[in-house]
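What you see is a predicted model; the values in this text were computed from it and never measured. A note on names: the letters A, B, ... follow the listed sequences, proteins ahead of strands, and every chain is numbered from 1.
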Number of protein chains: 2
Amino acid sequence: MAKSPQPGTRERIVHAASLLMQRQGYEGTGIKQIAQEAEATLGSVYHFFPGGKQAVGVAAVQHADQEFADLLSAALSEEADPAKAIAACARALACHLRDSGWVDGCPISATALETTGRVPAIEQAVNRAFQHWRDIVADTLRGAGFRESDAHDLATTVISTLEGAELTAQVFKSETPLTVAGEHLARLINSYKG
Amino acid sequence: MAKSPQPGTRERIVHAASLLMQRQGYEGTGIKQIAQEAEATLGSVYHFFPGGKQAVGVAAVQHADQEFADLLSAALSEEADPAKAIAACARALACHLRDSGWVDGCPISATALETTGRVPAIEQAVNRAFQHWRDIVADTLRGAGFRESDAHDLATTVISTLEGAELTAQVFKSETPLTVAGEHLARLINSYKG
DNA sequence: TACTGGGTAGAGCGTTCGTTCTAGCCTGTG
DNA sequence: CACAGGCTAGAACGAACGCTCTACCCAGTA
């Protein structure tokens, strides 16, 4: 009974919410639209998320958090050199963004910007996601022999820059901002080596 | 209610729209809220902006575009060394963000993310703003003797990174991401010198 | 004096929002 | 077979949305 049945209605709702919020933000996405996209009914949504739209939003952010963390971990473990790994990661994001028709950028930044200081529950989920991602990068850098404080600062800038470059690429509808940012990050990281 | 002094009604509307959209995005901001904040009436808003909410949004983005361009130009012309100037600019953004209670980040990024691929008029205004800002940085770098292509790529990354760092700083409610990003950008720029 | 027109004021339109509610379906157990 | 309970289905609510509409105020002009 505690197990979710079939291809999981709850999962479909979270996935649809995450996708829609990625593309049109939190405010721009309606509960009914989420239900429709998930091929669920309003009743189901409120059954699984008695907390309403906020609760769906939090779950969607957490889902996107884990999804991007997995992508980041995979990209970083494929390459021994962290500088090259991050540049490759930026290129991968650029490809994905292009293939989506310049629509699928960072899955939570739109939601983050709309809700800062106004919806604490979502704010907190976003905060945790950013910490999560930064820590993944920081751990990789530490593992590659970077000094503790350098690793932390570099990881912060890596996340910031990827985030910003994704936005810029989306605005310009061009892969260039992301690929260039990746190369610049690699150059920056290499300048700390040794 | 009480009649407002000097500044024209149209200007008050644009200013209020810009501020509200900065804090809660395009979708999260209502026309009536804009009118109220501007101490104007709905009739006045539709008198000055027959195009409705989209038209107000475009004007707000253009206003924010010019405002940030002025801030950028001022910061860049205060320092001869562009690397130091950009680091100083990042610190200034951090101060402003902190003083606003971590609420006033980039004035258009929330709107940009919500409207990409969905509201062409606003999309275009955002595109022009990013180009505008990038060109200001690129011109400064070119003026400081950087190669044409280096200046262009660096300018793109500077805007991306500032944008992303502002978001990260907002999420973490900390000045650090912005100040660190500023220092990293300075280091990156200096690595292209000579 | 009367006219003119930019600007102000706000009631109210149709729609959609988030949410609540009741009723019914379906499946696993006793 | 009966029956409980997780889940689905969708009608309906008040509030808020973007927007339209008419009426009014009040210089400036003649």
Side-chain angles (χ1 to χ4, degrees), chain A residues 1-18 20-21 23-61 110-111 114-115 118-123 125, chain B residues 1-18 20-21 23-61 110-111 114-115 118-123 125:
Chain A
M1 70 152 214
K3 276 270 266 186
S4 52
Q6 319 279 41
T9 303
R10 203 197 119 102
E11 282 175 23
R12 291 205 315 278
I13 292 169
V14 172
H15 185 261
S18 180
L20 289 169
M21 283 166 55
R23 298 185 179 178
Q24 32 189 38
Y26 177 74
E27 301 286 357
T29 303
I31 288 266
K32 287 172 184 171
Q33 190 187 7
I34 291 170
Q36 187 177 337
E37 190 74 15
E39 298 189 52
T41 63
L42 221 39
S44 301
V45 176
Y46 279 94
H47 171 76
F48 287 109
F49 300 95
K53 192 183 181 185
Q54 279 195 31
V56 177
V58 169
V61 167
T111 299
E114 286 172 314
T115 58
R118 301 197 304 120
V119 190
I122 293 184
E123 206 177 358
Chain B
M1 317 294 177
K3 272 215 312 210
S4 269
Q6 304 303 63
T9 303
R10 202 197 120 101
E11 282 175 23
R12 292 204 316 277
I13 292 169
V14 172
H15 186 261
S18 179
L20 289 169
M21 284 166 55
R23 297 184 179 177
Q24 30 189 37
Y26 177 73
E27 301 286 356
T29 303
I31 288 268
K32 286 173 184 169
Q33 191 187 7
I34 291 171
Q36 187 178 338
E37 189 74 16
E39 298 188 52
T41 63
L42 217 40
S44 300
V45 176
Y46 280 94
H47 170 76
F48 287 108
F49 301 95
K53 192 183 180 184
Q54 280 196 30
V56 177
V58 168
V61 167
T111 299
E114 285 174 314
T115 57
R118 299 173 48 242
V119 190
I122 292 184
E123 207 178 358

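- Per the geometry, CD1 belonging to A:I13 stands 13 Å off C1' belonging to D:dA9, to the nearest Å.
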Under 3.5 Å, side-chain donor or acceptor atoms of residues 42-56 of chain B against the rest of the protein: list the pairs with distances, not counting sequence neighbours.
| from | atom 1 | to | atom 2 | distance (Å) |
| --- | --- | --- | --- | --- |
| B:S44 | OG | B:T41 | OG1 | 3.3 |
| B:K53 | NZ | B:Y26 | O | 3.0 |
| B:K53 | NZ | B:T29 | O | 2.9 |

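- The heavy-atom pair separating B:R12 from B:A38 by the smallest distance is NE-O, 2.8 Å.
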Which atoms of nucleotides 14-16 of chain D (N or O only) lie under 3.5 Å from a protein N or O atom, and what are those distances?
none

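- In this structure, A:E11 places its CD atom 12 Å from P of D:dC7, rounding to the nearest Å.
- Rounded to whole angstrom, the span from the OH atom of A:Y26 across to the P atom of C:dG18 amounts to 8 Å.
- Atom CD1 of residue B:I31 and atom CD of residue B:Q33 lie 11.0 Å apart, to the nearest 0.5 angstrom.
- The shortest non-hydrogen separation linking B:G57 to B:I122 is CA-CD1, 4.2 Å.
- In terms of heavy-atom proximity, B:I34 sits nearest to B:A17 at CD1-CB, 3.9 Å.
- Taking all atoms of both residues into account, the shortest heavy-atom contact from A:A60 to A:M21 is CB-SD, 3.9 Å.
- Within the structure, salt bridge (Lys or Arg N to Asp or Glu O under 4.0 Å) pairs that include any residue of residues 26-41 of chain A comprise A:E27-A:R118 (at least two apart or interchain).
- Atoms CD1 (A:I31) and P (D:dC13) sit 20 Å apart, rounded to a whole Å.
- Atom CD of B:Q36 sits in a sparse spot, with 12 or fewer heavy atoms from other residues, nucleotides or ligands closer than 6.0 Å.
- The stretch residues 46-55 of chain B comes close to DNA chain C through B:H47, B:F48, each having a heavy atom under 4.0 Å from the strand.
- The nearest pair of heavy atoms linking A:V14 to A:A59 is CG1-O, 3.8 Å.
- Atom-to-atom, CD1 of A:I34 to P of C:dT16 comes out at 17 Å; the value is rounded to the nearest Å.
- Within a heavy-atom distance below 4.0 Å of DNA chain D, the residues of residues 36-44 of chain A found are A:T41, A:G43, A:S44.
- The two residues B:T111 and B:G25 come nearest to each other via the heavy atoms OG1-C, 4.3 Å.
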